[in-house]
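Please read these numbers as outputs of a predicted model, since none were measured by experiment.
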Amino acid sequence: MIESKRRRRVIGNIATYFALATLSMFCTGPMIWMFLTSLKYEADIVTQTMQYIPRRVTFDNYVAIWTQSGFPRLIANSLVVTFLTVTICVATGTLAAYAFSRFAFRGRTQLMLGYLVVRMFPAVMMIIPLYVVMRSVGLVDSRFGLALAYTSFLLPLFVWMLKGFFDSAPKELESAARIDGSTRLGAMVRIVMPLARNGLVASSVFIAIAAWNEFLFALMLTTGQGSRTWPVGLQLMVGEFQLPWGVLAAGGILSILPVIILFAIVQRTMVQGLTAGAIKG
Amino acid sequence: MQALGELSETRYWMYLLLLPSLVMILLVIAYPTLYGMAISFREMRLTRPGLGGWVGFKHYAAMWSDAVFWIALKNTVVWVTAAVVLELALGLLAATALNRDLPGTKIFAVLILLPYFLPNVVAGHMWALLLDPRLGVINDLLVRVGVLHTYKAWFADPNTALAATVLVEAWHGFPFFALLLLAGLKSIPEDLYKAAAVDGAGVSAQLRLITLPMLKTVIAAAVILRVIGLVNSPDLLLILTGGGPGDATQVLSLYAFQTAYKEFNFGYASALSVVMFVILMVFAAAYIRLSRITKGEGDD
C-alpha cells in the first residue's frame, strides 16, 4: 500500500518534470533559435542542410542592425515614449489607486468597473478618432502624443494592479500615524507609499514593458523618424528592405533584452500584482 | 504642502485624488470613443478630403452585403475559439505542474511565463522564421521525423494559415492562463485533497470534483479577458499574414484596421469597429450571466 503510494508519487514527479521541461522548451525554444540565428553568417542561415548549432559565430548582424538601420534612433524614441507613459501613469494612477483602496464613496465600484470596461474598447475603434484628434492638435508623430495614447489602455491596468498592492499594505500603521497627528496626505506619502514600494515598482515595470512593446498605436500614430518606435521600425524594415534574417534576429534580441532583464528582476512581485488584479477584476 | 495636507482632511480629498486619472481617461478614451462612433455615421476618407457629411447608416448597410465582413466575422469566431481552447489547455497543464512545488519549479515558472512579455513584432517574426518554407527549423524537424515529406509554406497555404497563426498566438498567450490558473490553484485548501484522498477519490476524481469546480471562477474570468483581448487586437495577424492568403486569416479587427490604414476609409472602418465592439459587449454580457462570475461578488 505504502510502496505503491510512493511509486505513484515518483511517477507523478517524473511526469511533472517532463511536462515542465516540454513546456519550457516550447516557450524558450523559439527565442533560443532566434539568438542562434543572430550569431550565424547569412550563408549559414540560407543553407541546404540546417545548422542547428552555428559552426562559425559572428557579431556582424548586431553591428549591422545598430549602424545601418537607424536602430539607435528607434530605441531612443521608444525609451522616451516609455518614460513619458510611465510618468503619466504613475503620477495620475497612484492617486487613483490609493483612493480606490482606502476610501468608501458612492459609485466607487461602478467607477472601478468603468476603468476596467474602457480596457475592452477595440484598439482600432480608439486609434481612428485618436489619429483625427491628434492630427488636428499637432500631436501626430510626436512622442508625447504617443505616450498619451498609450495611457488610454495602460492607466486602467496600472490603477487595478496598484490598488491590489495598496490593499495589502496594513491600514493599522496608517491609522497610527494619523493618531500621531499626521494628515491623510502625510500618512499616504510617509507610510503607505513606502509599504507599497515593491508593488509600485512592479506595476511601473509592467506598464513600461507594455509601452516598450506596443505596436499598433505606434504604427498608426507615427508617420516619420520623429517618433517612430522600434517595433514599427523593425516591422517596416522587413517590408522595405528584405533584411537578412540574421540582422532581423539581432534586432529582435537587442530589443527584447531590456524586457527579459526587467521581467527577471521583478517577476515575482509583478506576477502577484497581475494575478490579484486580474482575478478580482 | 501644508495646504495640501489640510485639504487632505476634507471630504473632497478622494475626489481630488481621482480627478487627474479621470481627466486623462475621459480625454484619451471617452472623447475618442464618442467621436469614433460619430465617424461611423459620416463619410471620412483621408484620400478624398472634399468628401464629408453625415451618411446615416450607410456604412452599416454596406457591411451587410460586404462578403469580406462575413468571412472576417467567421474567421474571428474560429480563430478566437481555437486560440482560447488551446491556451486554456496548455495553461491548465502548466499551472497544474507548477503547483506541485517540486525543486526547480521557480525557474520553470519564469521560463514558461516569459513569452507573455515578449512583443508581438518579435514573436511574429520569430515564428515566421521557425515556420519558413525554405529555412524553417520546424519544417526540418518534421521532415526528419517523417511527419512531412517536403517543407511546407504554413502561412501561405489557405488550409494551414489560420491554424499556424493560432499556434503562434497560443505560444504568446497561454502563459496568461498559466499565471491566473496557478494563482487559482494555490488558493484551494490542501485539506480538501487530503479529505478526498481519505474518501478514496483518485486523481481524476479529485480533478473533476475539487480542482475544476474551485477553478471555475478563475477560468471564467481568464477566458473572458482573453477573448476580449484577442478580438480587439489585430497585431499578430497583421505581422504574420496581413489577413492572407486571400482572406484566409482575415479577422474583424484586422479588416477594420486595414480599411482605415490602407484605404483611409475612416467612416467604414469606424462602423466595422463599432459593430465588433457591440458584438463583443453582447457576448461578454451573455457570457458573464451564463457563467455567473458576478455571483457572490460583493464590494470587496
Side-chain angles (χ1 to χ4, degrees), chain A residues 13 16 19-20 23-24 27-28 30 33-34 37 45-46 50 92-93 95-96 98-99 103 105 109 118 120-126 128-130 133 148-149 151-152 155 159 183-186 209 213 215-216 220 231 234-235 238 245 248 252 255-256 259 263-264 267 271 274-275 278-280, chain B residues 4-5 8-9 13-14 17-18 20-21 24-25 28-29 32-33 35-36 39 93-94 97 100 102 108 110-112 114-115 117-122 125-127 129-130 135 137 140 171 179-180 183 218 221 225 228 232-233 235 239 253 256-257 260-261 266 269-270 273-274 276-277 299-300:
Chain A
N13 287 355
T16 306
L20 288 174
L23 284 170
S24 301
C27 286
T28 52
W33 189 255
M34 184 169 71
T37 305
I45 299 172
V46 195
M50 181 93 27
T92 63
L95 301 178
Y98 178 79
F103 296 103
F105 52 89
T109 319
V118 295
M120 300 178 185
F121 290 0
V124 189
M125 194 165 102
M126 312 287 313
I128 297 168
L130 267 178
V133 173
L148 275 183
T151 312
S152 69
L155 181 58
V159 170
T183 59
R184 277 180 185 167
L185 180 70
I209 290 179
N213 287 345
F215 172 63
L216 206 64
M220 191 76 176
L234 207 63
Q235 175 68 13
V238 181
W245 277 109
L248 197 63
S255 38
I256 63 174
V259 175
F263 173 67
Q267 51 94 9
V271 163
L274 264 180
T275 43
I279 288 176
K280 272 191 231 151
Chain B
L4 264 180
S8 78
E9 295 298 331
W13 180 235
M14 58 221 165
L17 290 176
L18 287 171
S21 66
M24 279 303 303
I25 283 182
V28 293
I29 300 180
T33 303
Y35 193 25
I39 292 176
L93 178 67
R100 286 183 63 118
L102 298 174
F108 282 118
V110 177
L111 296 180
I112 288 173
L114 196 54
F117 294 93
L118 285 204
N120 280 313
V121 175
V122 171
H125 291 305
M126 212 159 63
W127 279 92
L129 173 64
L130 290 167
L135 319 167
V137 62
D140 194 64
W171 177 85
L179 189 74
L180 295 192
V218 181
L225 285 174
I228 289 167
N232 282 343
S233 75
D235 303 31
I239 292 156
S253 57
F257 182 77
Y261 193 57
F266 282 17
S270 290
S273 48
V274 168
M276 191 172 87
F277 178 63
D299 187 12
D300 69 311

Given the options A:Ala19, A:Pro122, A:Ala99, which has more heavy-atom pairs under 4.5 Å with chain B than any of the others? A:Pro122
If you round to the nearest 0.5 Å, how far is CD1 of B:Ile25 from CG of A:Leu155? 4.5 Å
Among B:Val122, B:Leu18, B:Leu129, the residue with the most heavy-atom pairs under 4.5 Å to chain A is B:Leu129
Residues forming a side chain to side chain contact (heavy atoms under 4.5 Å, CB included) with A:Ser152, sequence neighbours excluded: A:Phe217, B:Val28, B:Ile29
Structural part of A:Val46 lying under 4.5 Å from a heavy atom of chain B: both
Between A:Leu20 and chain B, which part of the residue has a heavy atom less than 4.5 Å away: side chain, backbone, both or neither? both
Checking heavy atoms, do the side chain of B:Ile39, its backbone, both or neither come under 4.5 Å from chain A? side chain
Could you state the interatomic distance from CD (A:Gln235) to CG (A:Leu248), rounded to the nearest 0.5 Å? 9.0 Å
Can you tell which part of B:Ser270 gets under 4.5 Å to a heavy atom of chain A, answering side chain, backbone, both or neither? both
Which of the residues B:Trp13, B:Trp171, B:Trp127, B:Tyr261 is involved in the greatest number of heavy-atom pairs with chain A at under 4.5 angstrom? B:Trp171
Applying side chain to side chain contact (heavy atoms under 4.5 Å, CB included), can you list everything that pairs with B:Pro32, at least two apart in sequence or on another chain? A:Met126, A:Pro129, A:Leu130
Heavy-atom distances under 4.5 Å only: say whether B:Leu114 touches chain A with side chain, backbone, both or neither. both
How long is the straight-line distance from CD1 of A:Ile128 back to OH of B:Tyr35, given to the nearest 0.5 Å? 11.5 Å
Contact winner vs chain A - B:Leu93, B:Leu130, B:Asp140, heavy-atom pairs under 4.5 Å: B:Asp140
Quick check: closest heavy atoms across B:Leu135 and A:Met50, and the distance to 0.1 Å? O-CE, 3.3 Å
Structural part of B:Ile228 lying under 4.5 Å from a heavy atom of chain A: side chain
Heavy-atom contact with chain B under 4.5 Å, split by part of A:Ile209: side chain
Looking at B:Val274, B:Leu118, B:Asn120, which has the largest count of heavy-atom pairs under 4.5 Å with chain A? B:Leu118
Measure distances from A:Phe263 to the heavy atoms of chain B and classify the residue's part below 4.5 Å as side chain, backbone, both or neither. side chain
Side chain, backbone, both or neither: which part of B:Met24 has a heavy atom under 4.5 Å from chain A? side chain
Is A:Leu216 close to chain B through its backbone or its side chain, or both, or neither, when contacts mean heavy atoms under 4.5 Å? both
So which residue, B:Ser21, B:Ser273, B:Ala256, ends up with the most heavy-atom pairs under 4.5 Å with chain A? B:Ser21
Taking atom CG of B:Leu111 and atom OG1 of A:Thr28, what is their separation to the nearest 0.5 Å? 5.5 Å
